[in-house]
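Here the structure is a predicted model, which is why all the values come from computation and not from measurement.
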Amino acid sequence: MTEALHSGQFRLPVRVYIEDTDAGGIVFHAKYLHYMERARTEWVRTCGVGLRAGLSDNISYVVQRLNIHYAVPAKLDDQLLVTAEPIGFGRVWMDFRQRVLKAGDETLLASAEVRVACVALDSGRPRRLPDNMRELLESVHENQLLTGTSQE
C-alpha cells in the first residue's frame, strides 16, 4: 500500500463526457455523486479490500448521509480529480471527506462529507464493518494522527 493510500489521501482522475452534462455542457448535479462513489470504491479497491468478496459474505455498503456543496460547475471535456479521504468510522459506518477539483489548477468544484453504512445485503439492516475494512480504517486513522494529516 503506498503512502498516499495509507494516509487515506486518494485521487481519481475523471474526464467529463457528454453523458454527464445538460444541454448547456454543464455537469448535472447528480453526476458528482457518481464521481465520488467511484473515488471511494477505487480507494477501497486500491487498498486491497475486495468489495465483490463482501457481496458473497452478505455485506453491502450504502450512503446513509450526504452533505454536498457545489462551488463552481464542471463542464464538458474538463479533466477532474476526485478525492476520497476517510475521516472517521464507527461500528457500522465510515465517514469520508470528498472533493471534486479541476485538474491542473485544482479549483474546488464541489465538496462533500459522506457517511457510508455497512448493511446486510439480504435484509438491509446495519451490520458490523468487516475486519479487513475496520483494520484499514484504523491504519489510516493512526497514520493521520502520526503525520498530522487528519483534517478533523
| What residues join L81 in its hydrophobic cluster, counting side-chain heavy atom gaps under 4.5 Å, either direct or through other members? | L101, L108

| said: Would the distance check show the side chain of R11 and the main-chain N or O of V82 forming a donor-acceptor pair, the cut-off being under 3.5 Å? | reply: no

Joint cluster assignment, [X] & [Y], ILVMFWY side-chain distance < 4.5 Å:
X: L121; Y: L129; result: no
X: V92; Y: L137; result: no
X: F96; Y: I68; result: yes
X: V62; Y: V114; result: no
X: L55; Y: V119; result: no

Do the non-hydrogen side-chain atoms of [X] and [Y] ever get within less than 4.5 Å of each other?
X: P86; Y: W43; answer: yes
X: I87; Y: E113; answer: yes
X: L136; Y: F89; answer: no

| message | Can you give me the closest heavy-atom contact between P73 and L109, atom names plus distance? | response | O-CD2, 4.3 Å

| note | Scanning both residues in full, the closest heavy-atom pair of G88 with W93 reads C-CZ3, 3.7 Å

| field | Residues forming a salt bridge (charged side-chain N to carboxylate O under 4.0 Å, His left out) with R99, sequence neighbours excluded | value | none

Under 3.5 Å, sequence neighbours excluded: what are the donor-acceptor pairs made by side chains of residues 20-40?
residue	atom	partner	partner atom	Å
D20	OD2	Y17	N	3.0
D20	OD2	Y35	OH	2.9
T21	OG1	I18	O	2.9
D22	OD1	G24	N	2.9
D22	OD1	G25	N	3.2
D22	OD1	I26	N	3.1
Y32	OH	A74	N	2.9
E37	OE1	R40	NH2	2.5
R40	NH1	Q98	OE1	2.6

| field | Distance (rounded to the nearest 0.5 Å) between M94 CE and Y61 OH | value | 5.0 Å

| message | Show me the pairs that pass salt bridge (charged side-chain N to carboxylate O under 4.0 Å, His left out) and involve residues 57-75, at least two apart or across chains. | response | none

| field | Partners passing side chain to side chain contact (heavy atoms under 4.5 Å, CB included) against N67 (at least two apart in sequence or in another chain) | value | none

| request: Would you list the pairs meeting side-chain hydrogen bond (donor to acceptor under 3.5 Å, both in side chains) in which at least one residue belongs to residues 118-138, sequence neighbours left out? | output: N58-D122

